K.L.:
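Got a structure for you, written out below as structure tokens; questions coming shortly.
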Amino acid sequence: MKKLINDPEAVVREELQGIEAAHGDLVRVSYDPYYIVRKDAPVQNKTAIISGGGSGHEPMHGGFVGVGMLDGACPGEVFTSPTPDQMAAATQAVSGGKGVLHIVKNYTGDVLNFEMAADMARADGIEVEAVVIDDDVAVKDSLYTAGRRGVGTTVLAEKITGAAAEAGASLSEVAELCRKVNANGRSMGMALTSCTVPAAGKPTFDLGEDEMEIGIGIHGEPGRERRKLASANEVAEMLAQPIVDDLPFRQGDRVLAFLNSMGGTPLIELYVVYQALDKYLRGRGLTIERNLIGPYITSLEMAGCSITLLRLDDELTRLWDAPVNTAGLRWGV
Amino acid sequence: MKKLINDPEAVVREELQGIEAAHGDLVRVSYDPYYIVRKDAPVQNKTAIISGGGSGHEPMHGGFVGVGMLDGACPGEVFTSPTPDQMAAATQAVSGGKGVLHIVKNYTGDVLNFEMAADMARADGIEVEAVVIDDDVAVKDSLYTAGRRGVGTTVLAEKITGAAAEAGASLSEVAELCRKVNANGRSMGMALTSCTVPAAGKPTFDLGEDEMEIGIGIHGEPGRERRKLASANEVAEMLAQPIVDDLPFRQGDRVLAFLNSMGGTPLIELYVVYQALDKYLRGRGLTIERNLIGPYITSLEMAGCSITLLRLDDELTRLWDAPVNTAGLRWGV
Amino acid sequence: MAITAEQTLAFIRDFGDVIATNKDFLTQLDSDIGDGDHGINMNRGMRAVLAKLDSTNPPDISAIYRTTAMTLISTVGGASGPLYGTLFLQLGTATQGKAEISAKEWSEALTAAVHAVEARGKATLEDKTMIDALEPAITALSEAVADGADLEAALARAESSAEQGMKATIPLVARRGRASYLGERSAGHQDPGATSSWLLMGAAHRAFGNGTS
Amino acid sequence: MAITAEQTLAFIRDFGDVIATNKDFLTQLDSDIGDGDHGINMNRGMRAVLAKLDSTNPPDISAIYRTTAMTLISTVGGASGPLYGTLFLQLGTATQGKAEISAKEWSEALTAAVHAVEARGKATLEDKTMIDALEPAITALSEAVADGADLEAALARAESSAEQGMKATIPLVARRGRASYLGERSAGHQDPGATSSWLLMGAAHRAFGNGTS
Ligand SMILES: Nc1ncnc2c1ncn2[C@@H]1O[C@H](COP(=O)(O)OP(=O)(O)O)[C@@H](O)[C@H]1O
Ligand SMILES: Nc1ncnc2c1ncn2[C@@H]1O[C@H](COP(=O)(O)OP(=O)(O)O)[C@@H](O)[C@H]1O
Ligand SMILES: [Mg+2]
Ligand SMILES: [Mg+2]
Ligand SMILES: [Mg+2]
Ligand SMILES: [Mg+2]
């Protein structure tokens with residue numbers, strides 16, 4: 001395992017120290033339990049939004065705490081859901097009297113822990129709503145299973161709901177908006193390499209020199225299928241087609257195209273994939289009206305990418321364009 | 001070689017197509033010869049700034065074209081300096097009558113090609129100044145050699161001179177400012193892994209599982225020494241100490257700390273390094289007043305990081321904070 | 001003889017030990033069909049539990065279980081944290097106010113605890129989860145206790161049923177937890193949570209089975 | 001007999017061929033002490049040169065050299081692009097207006113060309129660059145021509161001096177080009193640019209040496 005770390009057990013704590021040192025103008029960090037909140041939290045009379053999940057997906061979620069996006073984030077150990085006490089404490093720390101939205105990615109661990117946390121926060125008299133993001137078309141959706149994973153749409157939901165909350169929306173409005181984003185967003189990812197969880201010390205899976213995994217999540221899980229390495233053009237289509245077919249998107253739809261690096265894939269390759277994605281979507285009659293390209297929801301140092309498409313309307317576009325000032329996303333300020 | 005590409009020979013062209021498709025609101029792309037310019041180029045009565053160099057360092061330089069930073073960028077083949085005809089054409093395309101600054105990284109290839117390009121542009125009646133960035137303390141500085149490489153300070157110089165040019169500074173003022181940034185900036189980098197030039201198909205160098213290279217550049221060149229893998233804290237000190245000793249920085253100096261990923265190192269590790277860097281610099285009596293953390297001057301998918309410190313004064317801080325709107329850096333707009 | 005607080009402590013400690021010994025094995029199983037952290041998660045949690053038990057010295061059986069539960073909930077995270085947390089919390093509730101527990105009481109408490117895990121995680125038999133080890137274990141345990149078997153024999157049957165249930169997860173296609181994302185590819189691998197649950201039943205067997213009735 | 005335009009074309013084509021054949025070798029050398037692209041760069045350039053010569057059919061020796069130069073300059077990039085570009089540009093200047101070139105003229109033209117490369121790159125002997133192959137080659141060539149050797153013999157001596165110069169780069173510590181960043185670690189490796197320059201002298205030998213005087 002080759003990583004710039006000190007002690008596999010200390011990665012998350014030291015990461016938080018780094019975030020605190022670097023972004024003290026934007027956020028405050030709590031170490032017991034672990035959470036990150038806006039510098040000015042709690043903001044009175046504003047619906048607050050927190051999210052959380054295992055670490056290893058940076059900049060998500062801690063990098064999205066700030067004006068116009070999240071009020072707080074709870075980092076778990078690497079790829080491990082945070083615990084209810086963290087979420088409950090963060091909920092308390094951001095609560096400004098208008099309620100708190102929990103944005104939860106659909107993983108058994110995240111859902112169960114956030115459920116417990118919501119119970120705890122409600123017991124403290126804080127109004128809490130939870131919205132579960134489940135946008136990964138690589139996973140078959142079924143009532144009899146855990147359902148789809150929550151992946152790239154989470155980033156977009158955090159930005160868009162954050163803008164609405166900043167503009168004064170109520171908890172139920174923000175929650176409704178979050179469900180709308182989830183309903184209109186779909187994702188799919190792939191990996192060229194595995195990643196190594198620091199505490200495990202070796203790659204989660206092995207991939208041959210000429211193989212790739214299609215349909216991976218963001219935790220180094222193996223994907224739905226292993227395939228022969230394909231070209232960037234083919235990969236773009238393999239990911240985009242099931243997304244477009246799933247929603248279903250319609251001719252003339254405007255979309256936000258979010259092309260994400262899993263961590264180890266550099267920008268030069270993302271742009272090669274983007275030209276293919278752009279062509280493919282044109283061919284399907286879709287217009288990319290906004291885009292986001294880079295490592296935003298990563299899987300440690302995994303090489304690979306994911307595509308998220310969000311169907312836009314005027315409301316979503318306006319909220320996407322609204323100012324945001326976080327370590328990971330910044331514009332308009 | 002595992003990369004999201006189609007054809008090793010087509011990487012740069014397809015990357016440009018991706019950039020054009022993604023950032024058509026910010027830039028225009030020329031394919032013959034290759035260059036990227038601001039959407040509104042040439043801006044009349046503004047000193048223009050171009051840079052360029054081999055591809056594989058994304059977002060540098062193409063991702064830094066836009067309001068408040070570069071007017072144009074010339075991408076060469078991967079890790080290969082662009083050619084004089086590209087630079088001359090880009091110079092022409094951005095020239096708004098107040099002259100054009102060439103920001104050149106100190107590599108024999110870049111320097112020689114930019115020299116030829118400046119000759120060509122001057123022959124066309126355009127006033128050109130070139131400033132060579134040579135900030136890499138890993139390389140011994142000597143009159144009898146090619147001197148130091150240009151690395152991380154380039155990004156900072158492009159941002160800061162871009163702000164000055166936007167505010168109306170003359171060519172000679174912008175060039176002088178660029179020399180000032182270069183004089184006050186120092187960098188050093190390290191690698192945990194090699195990278196693979198697409199056209200070469202295999203890693204430029206081999207590193208054992210327990211080895212790292214200290215003092216690498218940004219082209220997959222081996223470094224000054226190969227060492228046993230060290231902790232993030234040790235790495236931060238190995239890189240920061242020669243920088244601080246070189247400038248020399250003084251007790252109480254305010255600095256911009258730029259912690260850069262070489263491409264394959266994810267943000268989680270950068271923050272672990274950052275906490276160590278922050279502690280180390282405090283110990284040396286320096287205050288980090290601004291920071292930039294992420295993959296900004298990369299070496300394809302190489303894992304590793306580099307540190308750049310720029311000594312700040314009020315002028316540099318103000319220009320750093322000025323609005324910028326590029327694909328790679330954005331704030332204030 | 002019934003189960004004492006001392007034995008309850010021994011049970012938790014034994015579980016902590018086998019988790020530590022099997023940490024890499026559990027993580028490996030989770031790498032195959034999950035995200036490769038089950039051993040790490042459980043071990044982090046159980047180390048914290050053992051430290052907490054040492055430092056707080058809970059006064060009775062219920063308090064031991066509740067301390068274990070709260071510590072797991074606040075240190076494990078992931079799916080297994082709330083699920084094992086729920087299991088121990090329910091054991092704490094079921095043993096409230098009791099200085100000792102009979103075989104029948106233990107069988108009822110564990111049954112209630114497993115049902116609480118099912119309610120929280122919504123998994124049923126053959127979803128390829130810890131339930132596949134726990135559910136056969138409580139069935140065997142309560143049958144054995146009803147048959148009048150002594151605690152040692154009943155716990156032996158519970159442990160071996162858990163083992164069978166764990167092995168039976170191998171061919172299954174997962175429907176809950178991360179492994180479900182793999183679809184058909186999850187078949188052919190043993191479920192990590194079922195494996196830690198089998199270890200749990202082994203720890204109970206060793207701690208409670210020795211000379212009790 | 002003197003060197004003709006046809007032979008000049010053969011020289012460039014031969015150089016293109018040996019570059020193609022040695023592409024991976026040159027790249028490997030550059031991986032050891034540079035950035036691993038010298039073979040790729042030179043091959044990209046020479047393929048473009050050959051295509052350009054085919055499509056434009058330059059009318060005379062000087063035009064052949066100038067076309068080669070301009071194409072290298074606009075397609076190679078890196079350090080070698082402007083340096084080889086300068087070399088061929090100077091050959092073009094020195095051969096301006098000449099339908100054929102004598103051994104002495106060729107020797108003088110090449111000497112001027114190498115000096116132009118030195119002026120552009122500021123490298124001198126033992127900096128571990130292409131100069132270490134080129135400088136011995138022009139010295140040998142001009143001495144041989146002064147001694148009255150025929151072109152075949154003179155070019156053979158130039159080629160073998162280039163080879164010696166190339167090999168002599170192995171122990172050197174680089175002072176110019178990317179290899180200089182390695183400091184002491186650059187010793188023990190053969191310089192890629194000196195190697196391509198030796199290939200250049202080989203191509204000249206084969207193209208001009210055959211039955212000319
Ligand atoms: N809904 C569920 N009900 C019961 N057990 C579950 C459920 N989901 C997952 N599990 C168990 O949890 C185990 C994984 O635990 P762990 O790896 O610690 O958590 P995570 O999946 O969050 O990384 C699985 O092997 C499975 O036995
Ligand atoms: N200043 C110089 N003068 C002469 N030759 C040089 C100089 N710098 C580099 N070279 C030659 O260029 C070669 C490297 O060329 P190449 O790999 O194509 O370019 P780059 O170094 O830009 O990647 C070196 O091996 C060396 O022989
Ligand atoms: Mg996990
Ligand atoms: Mg090069
Ligand atoms: Mg797991
Ligand atoms: Mg090279």
Side-chain angles (χ1 to χ4, degrees), chain A residues 8-9 33 52-54 56 74-86 88 107-117 120 136 138-140 142 144-149 194-206 215-226 299, chain C residues 23-24 26-28 30-45 47-48 69-86 89 117 119-124 126-130 173-186 189 193:
Chain A
E9 310 282 315
C74 303
E77 290 300 318
V78 172
F79 292 169
T80 299
S81 158
T83 56
D85 52 321
Q86 291 175 256
Y107 298 95
T108 307
D110 295 58
V111 170
L112 296 181
N113 284 288
F114 263 109
E115 269 173 23
M116 287 189 161
M120 290 160 78
D136 187 347
V139 178
K140 265 219 208 70
S142 152
Y144 306 101
T145 66
R148 286 176 164 172
R149 293 176 289 224
S194 179
C195 56
T196 298
V197 174
K202 55 193 177 61
T204 310
F205 58 87
D206 291 310
I216 46 121
I218 52 171
H219 300 90
E221 315 96 312
R224 298 277 300 182
E225 17 161 18
R226 186 159 292 196
S299 198
Chain C
K23 179 183 153 213
D24 292 344
L26 293 172
T27 294
Q28 181 52 53
D30 197 33
S31 295
D32 292 337
I33 55 170
D35 59 350
D37 62 1
H38 186 57
I40 302 166
N41 292 345
M42 291 301 296
N43 190 51
R44 180 178 57 245
R47 277 187 319 182
M70 295 316 295
T71 310
L72 288 178
I73 289 171
S74 69
T75 58
V76 175
S80 46
L83 292 171
Y84 276 109
T86 298
L89 205 56
V117 173
R120 167 95 28 223
K122 298 186 187 64
T124 55
E126 306 202 336
D127 280 354
K128 196 176 183 117
T129 70
M130 57 177 68
V173 172
R175 286 185 302 229
R176 294 280 163 190
R178 277 177 209 290
S180 69
Y181 306 137
L182 281 183
E184 300 293 331
R185 277 178 81 181
S186 62
H189 298 277

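Being a predicted model, the structure only gives us computed values, none of them experimental. Note that these values count all heavy atoms, side chains included, but never hydrogens, waters or copies made by symmetry. Convention: sequence-line order gives letters A, B, ...; per-chain numbering from 1.
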K.L.:
So do the side chains of C:Arg176 and C:Lys128 get within less than 4.5 Å of each other, counting heavy atoms only?
P.N.:
no
K.L.:
Identify which part of C:Arg120 has an atom lying under 4.5 Å from any heavy atom of chain A, answering side chain, backbone, both or neither.
P.N.:
both
K.L.:
In the structure I gave you, are the side-chain heavy atoms of A:His219 and A:Arg149 within less than 4.5 Å of one another anywhere?
P.N.:
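SC-SC contact between A:His219 and A:Arg149 ruled out.
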K.L.:
Give a yes-or-no answer on whether the side chains of A:Thr80 and C:Asp37 include a donor-acceptor pair shorter than 3.5 Å.
P.N.:
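Side chains of A:Thr80 and C:Asp37: pair found under 3.5 Å.
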K.L.:
Indicate yes or no: does C:Asp35 engage C:Arg178 in a salt bridge with an N to O separation below 4.0 Å.
P.N.:
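C:Arg178 and C:Asp35: salt-bridged.
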K.L.:
Side chain, backbone, both or neither: which part of A:Glu9 has a heavy atom under 4.5 Å from chain C?
P.N.:
side chain
K.L.:
In terms of heavy-atom proximity below 4.5 Å to chain A, should C:Thr75 be classed as side chain, backbone, both, or neither?
P.N.:
backbone
K.L.:
Pick one of side chain, backbone, both or neither for A:Phe79, based on which atoms fall under 4.5 Å of a heavy atom in chain C.
P.N.:
both
K.L.:
Distance alone, cut at 3.5 Å: any donor-acceptor contact between the side chains of C:Gln28 and C:Ser31?
P.N.:
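There is no such pair (donor and acceptor under 3.5 Å, judged by atom type) between the side chains of C:Gln28 and C:Ser31.
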K.L.:
Can you tell me which portion of C:Ile73 sits under 4.5 Å from chain A's heavy atoms? Options are side chain, backbone, both or neither.
P.N.:
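Contact with chain A: backbone and side chain both.
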K.L.:
Picking from C:Thr27, C:Ile40, C:Asp127, C:Thr86, which has the most non-hydrogen pairs under 4.5 angstrom with chain A?
P.N.:
C:Ile40
K.L.:
Chain A heavy atoms under 4.5 Å from C:Asp32: which part of the residue, side chain, backbone, both or neither?
P.N.:
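For C:Asp32, the backbone is the part near chain A, not the side chain.
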K.L.:
Can you find a heavy atom in the side chain of C:Arg44 that is under 4.5 Å from one in the side chain of A:Glu77?
P.N.:
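Yes - at least one pair of side-chain heavy atoms lies under 4.5 Å apart.
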K.L.:
Please classify the contact of A:Asp85 with chain C as side chain, backbone, both or neither, using a heavy-atom distance under 4.5 Å.
P.N.:
side chain
K.L.:
Among C:Ala79, C:Gly183, C:Gly36, C:Ser74, which residue forms the greatest number of heavy-atom pairs with chain A at distances under 4.5 Å?
P.N.:
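Ranked by contacts with chain A, first place is C:Ser74.
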K.L.:
Heavy atoms, side chains only, cut-off 4.5 Å: are C:Leu182 and C:His189 in contact?
P.N.:
no
K.L.:
Find the one option among A:Pro82, A:Gly109, A:Pro84 whose heavy-atom pairs under 4.5 Å with chain C are most numerous.
P.N.:
A:Gly109
